[in-house]
A.B. asks: 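The structure that follows is given in the form of structure tokens.
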Amino acid sequence: MKAAGPTRRRRPPRIFVDADVLFAGAASPSEHGASLLVLRMAEITLVEALTSEQVIVEAERNLEEKLPGALPTFRLIVSRCLRIVPDPSPTDLAPHRGLAHPKALPILVAALREGCPWLVTFNVRHYQPGHHGVDVLRPGELLLRVRDQLARLSDEGKA
């Protein structure tokens, strides 16, 4: 009898997280808020969450101004759940001008560069008209997609 070979593990799906989702996750009054759940999925490695230096700076600045008491939670979330990538250079941005609001363009380009098919934000309109390689979703929409994919896996297992 032949021994089974090693199981090939798939990489978890990559998501790119915007500052407003980090802010909402850190400031969440409930453990059941969509933003916090998205970040918890990253913590347990169900997804791989990435963000850029620009996003970290923006989220931290907004928390300092509005909810300084949430900064320790924010820092814990960042350390447990996120991989921080460098901001794109102006040269990287040039071919993508017009695909997003100028302040959001570096975030869209970073998501593209890092191979993230999903960008999670509440500011969906800032990423219009967008890029075919990245779906821009609100946190609740991402949770529904993940749930649907898990349900499909369950259905396949029953067949």
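What you see is a predicted model; the values in this text were computed from it and never measured.
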A.B. asks: Set out, in order, the CA-CA distance, both residues' side-chain angles and the distance that settles side-chain contact (heavy atoms from CB on, under 4.5 Å) for Val55 and Ile107, then state yes or no.
C.D. replies: CA-CA 8 Å; Val55 168; Ile107 297 163; 3.8 Å; yes
A.B. asks: Where the side chain of Thr121 meets the backbone of Val124, is there a donor-acceptor pair that is under 3.5 Å apart?
C.D. replies: no
A.B. asks: Do you know the tightest heavy-atom contact between Cys81 and Ala42?
C.D. replies: O-CB, 3.4 Å
A.B. asks: Same cluster for Val57 and Val21 if Ile/Leu/Val/Met/Phe/Trp/Tyr side chains link at under 4.5 Å?
C.D. replies: no
A.B. asks: Rounded to the nearest 0.5 Å, how far apart are CG of Leu39 and OG1 of Thr73?
C.D. replies: 11.5 Å
A.B. asks: As a quick check of understanding, evaluate side-chain contact (heavy atoms from CB on, under 4.5 Å) for Trp118 and Val134, giving each step before the final call.
C.D. replies: CA-CA 5 Å; Trp118 294 327; Val134 177; over 6 Å; no
A.B. asks: Measuring only between side-chain heavy atoms, which start at C-beta, is Asp18 closer than 4.5 Å to Val120?
C.D. replies: no
A.B. asks: If hydrophobic clusters are built from ILVMFWY residues whose side chains come within less than 4.5 Å, do Leu22 and Leu76 share one?
C.D. replies: no
A.B. asks: I would like to know whether Arg14 and Glu114 meet side-chain contact (heavy atoms from CB on, under 4.5 Å); could you show each step before the answer?
C.D. replies: CA-CA 8 Å; Arg14 286 181 158 196; Glu114 299 299 328; 4.2 Å; yes
A.B. asks: For the side chain of Asp20 and the backbone of Phe122, is there at least one donor-acceptor N/O pair under 3.5 Å apart?
C.D. replies: yes
A.B. asks: Backbone N or O of Asn62 within a donor-acceptor pair of the Glu65 side chain at under 3.5 Å?
C.D. replies: no
A.B. asks: So, taking the atom named CG in Asp135 and the one named CD1 in Ile15, what distance separates them when rounded to the nearest 0.5 Å?
C.D. replies: 13.0 Å
A.B. asks: Determine whether a donor-acceptor pair (N or O, by modelled atom type, separation under 3.5 Å) exists between the side chain of Asp148 and the backbone of Arg145.
C.D. replies: no
A.B. asks: Quick one: CG on Leu105 to OH on Tyr127, what's the gap to the nearest 0.5 Å?
C.D. replies: 9.5 Å
A.B. asks: Anything under 30° is parallel, anything over 60° is perpendicular, the rest tilted; go ahead and classify His96 against His131.
C.D. replies: perpendicular
A.B. asks: Verify the cluster assignment for Leu144 and Leu119: are they in a single hydrophobic cluster under the rule of side-chain heavy atoms below 4.5 Å apart?
C.D. replies: no
A.B. asks: Taking all heavy atoms of Gly140 and all of Ala34, pick out the closest pair and write down the distance.
C.D. replies: N-CB, 3.7 Å
A.B. asks: Ignoring hydrogens and angles, tell me if any N or O in the side chain of Asp87 forms a donor-acceptor pair with the backbone of Gln54 under 3.5 Å.
C.D. replies: yes
A.B. asks: Please examine the side chains of Glu60 and Arg75, heavy atoms only from C-beta on, and report whether any two atoms are closer than 4.5 Å.
C.D. replies: yes
A.B. asks: Would you call Arg40 and Glu31 a salt bridge, using N to O less than 4.0 angstrom?
C.D. replies: yes
A.B. asks: Does Val17 offer a backbone N or O that forms a donor-acceptor pair with the side chain of Thr51 under 3.5 Å?
C.D. replies: yes
A.B. asks: When rounded to the nearest 0.5 angstrom, what is the spacing between CZ in Arg83 and CD in Glu48?
C.D. replies: 5.0 Å
A.B. asks: What are the two closest heavy atoms between Pro106 and Pro88, and how far apart are they?
C.D. replies: O-CG, 3.2 Å
A.B. asks: Using side-chain contact (heavy atoms from CB on, under 4.5 Å), reason through Leu50 and Leu82 one step at a time and then give a plain yes or no.
C.D. replies: CA-CA 5 Å; Leu50 293 85; Leu82 295 168; over 6 Å; no
A.B. asks: Search all heavy atoms of Leu36 against all heavy atoms of Ser30 and return the closest pair with its distance.
C.D. replies: CD2-O, 3.7 Å
A.B. asks: For Ala59 and Phe23, which heavy atoms make the closest approach, and how far apart are they?
C.D. replies: O-CD1, 4.4 Å
A.B. asks: How close do Phe16 and Ser52 get, counting heavy atoms only, and between which atoms?
C.D. replies: CZ-N, 3.4 Å
A.B. asks: When rounded to the nearest 0.5 angstrom, what is the spacing between CD in Glu58 and CD in Glu53?
C.D. replies: 14.0 Å
A.B. asks: Nearest 0.5 Å, what's the CD1-CD1 distance between Ile84 and Ile56?
C.D. replies: 4.0 Å
